[in-house]
2 protein chains.
Amino acid sequence: MEYTLDSQKSKVVVTRDLGTDVLGRLSENPFVDMVVWPQDCLCDRDWLLENVEGADGLVVMLTDKAGIIKWNLSRSYVMDTAGANLKVVSTMSVGYEHVDLAGLAKRGVRLGYTPDVLNDAVADLSVMLALMAGRNGGEALVHVKNGEWPNDSWSPFSWCGSQLSGTAGRPRTVGFLGFGRIAQATLNRLVGFGISRCVYTTRIGSLPKRDLEESLTEKYRGVNPAFEGVRHVDLKTLARESDVLFVLAPGGAETRHVVDEELLREMKRTSVLVNTSRGSLVDSDALAKALRQGWIWGAGLDVVEGEPNISADHPLVQEPRCVIMPHIGSATFATRKDMANLAVTNVLAVLSNEPMVSEKSVSQDKVETWNN
Amino acid sequence: MEYTLDSQKSKVVVTRDLGTDVLGRLSENPFVDMVVWPQDCLCDRDWLLENVEGADGLVVMLTDKAGIIKWNLSRSYVMDTAGANLKVVSTMSVGYEHVDLAGLAKRGVRLGYTPDVLNDAVADLSVMLALMAGRNGGEALVHVKNGEWPNDSWSPFSWCGSQLSGTAGRPRTVGFLGFGRIAQATLNRLVGFGISRCVYTTRIGSLPKRDLEESLTEKYRGVNPAFEGVRHVDLKTLARESDVLFVLAPGGAETRHVVDEELLREMKRTSVLVNTSRGSLVDSDALAKALRQGWIWGAGLDVVEGEPNISADHPLVQEPRCVIMPHIGSATFATRKDMANLAVTNVLAVLSNEPMVSEKSVSQDKVETWNN
């Protein structure tokens, strides 16, 4: 990378220690002055305002949102304090709801983010949750932990669950609410389980992805002759046909509670719901009711509306067939390191006048649709 | 199916209620007199001895072993009481350690069992355990259940685990100790996760399956261009190269503690061990030590030596990165029903002089090798 800033060093402020491997790329760069929040907790407000002055680049975390809310701090205030040098804000996250897009646009500051590098980790977790929810993974784990295994009396159907994989004569359909890259990575994993059909729904008004449907169908028939194909359907059909329904669409007002009582009532009694996108897409009360009354078999959630304030008496935590993870979709060492590296790469790109690997346009208010 | 027994009905004794769907095939068969243990618990000794007299066929469960031990009952005694009519014992299980093979052979009684129909269910659970062990699935689940999620303070590497899937530039190797049909079904599921290599070990002295290696390599390269191939290796290489090591070999004296301290010390610090075959293959104390001292990252077990007598203070239950299921590998409604149906099919086949779908030869003492 060739640096065009020769008059003086660029100042880059980082709100979290990302490890020596990753931050070494800034600290050892002769054209960069790096300043890093030194503690292993949320970046302090006063420290940030003191250090951000004159910064050319700012690397932030999704959780800095919580800090900003706690501090009752106007988000653009950080940018005001940074001043006219600020060229880029780079977040180590796919989401950017903690960033003031209008403020960036007004000041001509560019935004970097880290999509795609977490697709594999989230797809892995989606499959894990589908299996756990189907196979009583939560209850069975707690049963053994509590020392109750010795009391088990075997019977032909004890501990029986809903099988993810298809077997001869039993077609299995997976459904995706949102059919972006994470959904497609999840499907790629499921084909080897003998899945026979895939249905998906995208944002109302968006067109079916016919070319994609055809290429995926052709690809997967090679490894699984029973695979019939990928098909765009409406939301009601998606609910009715899916044996496992994966919610993988963006959050926000547009998709709030898209999984509601009406949709859950359409689902099969043996089906499983998995949400690894945003908690807001699922109405928690409706889901708890669906599980309690047996409308569906089970649920696997990595996200819950109102997280992390989900207490032990939350209606979903109380449901035995609801498996909940504390939002660990991207939490693997490999993926988080890739995300941290990409956040640094995006900053360095702007400071050296090169194209960012992953830039989010800030020129429009709403740039995402929920077809992921 | 045409019955050749026209002089009188055949008597079939079943030691467990297998549901009306399955048992209807016996009860509604005009050539069969069916007698079923009526309670939802282990078949009673006195009831069995009273009812087995004159039986032509006997359908038993793997758990009848426990009963036989509890009753201090010679296994051949059941056959003596049944008498000369007995032609077939059909067990609803893959294992047949509860059956007196020599006693069957002496009396010319044939043995039916139910392999293969559970391959998919066990392969599903193997993948589930690999994911849970890698991604802190056990700890994270209990964390949320206990209402501790609200206390979480996000950091770039909190909750991070070992990623099952391969990502660009990071090859991932799965290993199989035993490479029979369940192992192959598991591999079939893993290729879609971007696994790049598969290594396997079979019984000492057994030959590599070169034709199989080639056909699998060719098949999987079609769906995953990064897939380099399937390779037979020795046990030490298996331990050294596997990112996830699946134990899928038969139990018995020959394979007892094949996973011991020496093997565990060869494994990668980031690797995961999965056992979905028999508990006896893994030395529990060695595994607990390996987890405690960080020789490996985590473990996922569906079987533990000494099960079901595994209490809450068992060293493996105490390990946070050890995920344990109470032997639910085949526990899906679809699979258990297939197993029950196959057990009934095997009995009916013998009674109508047709070939059994799954017959286990009783003419030799040892018919299995541990290459599964």
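Values in this document were obtained by computation on a predicted structure and should not be read as measured data. Below, read A as the first sequence line, B as the second, and so on, with proteins coming before strands; counting in each chain starts at 1.
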Exercise: identify the closest heavy-atom pair between B:Met92 and A:Pro156
CE-CB, 4.1 Å
Side chain, backbone, both or neither: which part of A:Ala121 has a non-hydrogen atom closer than 4.5 Å to chain B?
both
Quick one: which of B:Leu190, B:Val117, B:Asp120, B:Thr332 has the most heavy-atom pairs under 4.5 Å with chain A, could you say?
B:Thr332
Taking only residues at least two apart or on different chains, which pairs with a member in residues 155-173 of chain B satisfy salt bridge (charged side-chain N to carboxylate O under 4.0 Å, His left out)?
A:Asp338-B:Arg170, B:Arg172-B:Asp243
Has B:Asn309 got a side-chain atom pairing as donor or acceptor with A:Pro150's backbone, closer than 3.5 angstrom?
no
Residue pairs passing the salt bridge (charged side-chain N to carboxylate O under 4.0 Å, His left out) test with at least one member in residues 122-147 of chain A, sequence neighbours excluded, are A:Asp124-A:Arg189
Taking B:Ser165, B:Gly147, B:Ala140 one by one, which has the highest count of heavy-atom pairs under 4.5 Å against chain A?
B:Ser165
Of the backbone (N, CA, C, O) and the side chain (C-beta and beyond), which part of A:Thr335 lies under 4.5 Å from a heavy atom of chain B, both, or neither?
both
Looking at every non-hydrogen atom in both residues, tell me the closest pair between A:Ile324 and B:Trp149 and how far apart they are.
CG2-CZ3, 3.9 Å
Assert top hit (heavy-atom pairs under 4.5 Å, partner chain A, pool B:Ala185, B:Cys41, B:Gly161) equals B:Gly161
Taking 4.5 Å as the heavy-atom cut-off, does anything in residues 311-321 of chain A contact chain B, and if so which residues?
A:Ser311, A:Ala312, A:Val317, A:Glu319
What's the separation between atom CG in A:Leu129 and atom CE in B:Met128, rounded to the nearest 0.5 Å?
10.5 Å
Note: A:Arg336 and B:Ser155 closest approach over all heavy atoms is NH1-O, 3.7 Å
Out of B:Leu125, B:Asp40, B:Val142, return the one with the most heavy atom pairs under 4.5 angstrom to chain A.
B:Leu125
A:Gly137 to B:Met325 - nearest heavy-atom pair and separation
O-CE, 3.3 Å
Counting heavy-atom pairs closer than 4.5 Å to chain A, which one of B:Val127, B:Asn146, B:Val191 comes out on top?
B:Val127
Identify which part of B:Val304 has an atom lying under 4.5 Å from any heavy atom of chain A, answering side chain, backbone, both or neither.
both
How long is the straight-line distance from CD1 of A:Ile328 back to CH2 of B:Trp159, given to the nearest 0.5 Å?
7.0 Å
Partner set under side-chain hydrogen bond (donor to acceptor under 3.5 Å, both in side chains) for A:Glu307, not counting sequence neighbours
A:His327
What heavy-atom pair brings A:Phe157 and B:Lys337 nearest, and what distance separates the two atoms?
CE2-N, 3.9 Å
Any idea which of B:Thr186, B:Leu141, B:Leu164 has the most non-hydrogen atom pairs under 4.5 angstrom with chain A?
B:Leu141
For the atom pair CH2 (B:Trp154) and CG (A:Leu62), what is the distance rounded to the nearest 0.5 Å?
7.5 Å
Identify which part of A:Asp17 has an atom lying under 4.5 Å from any heavy atom of chain B, answering side chain, backbone, both or neither.
backbone
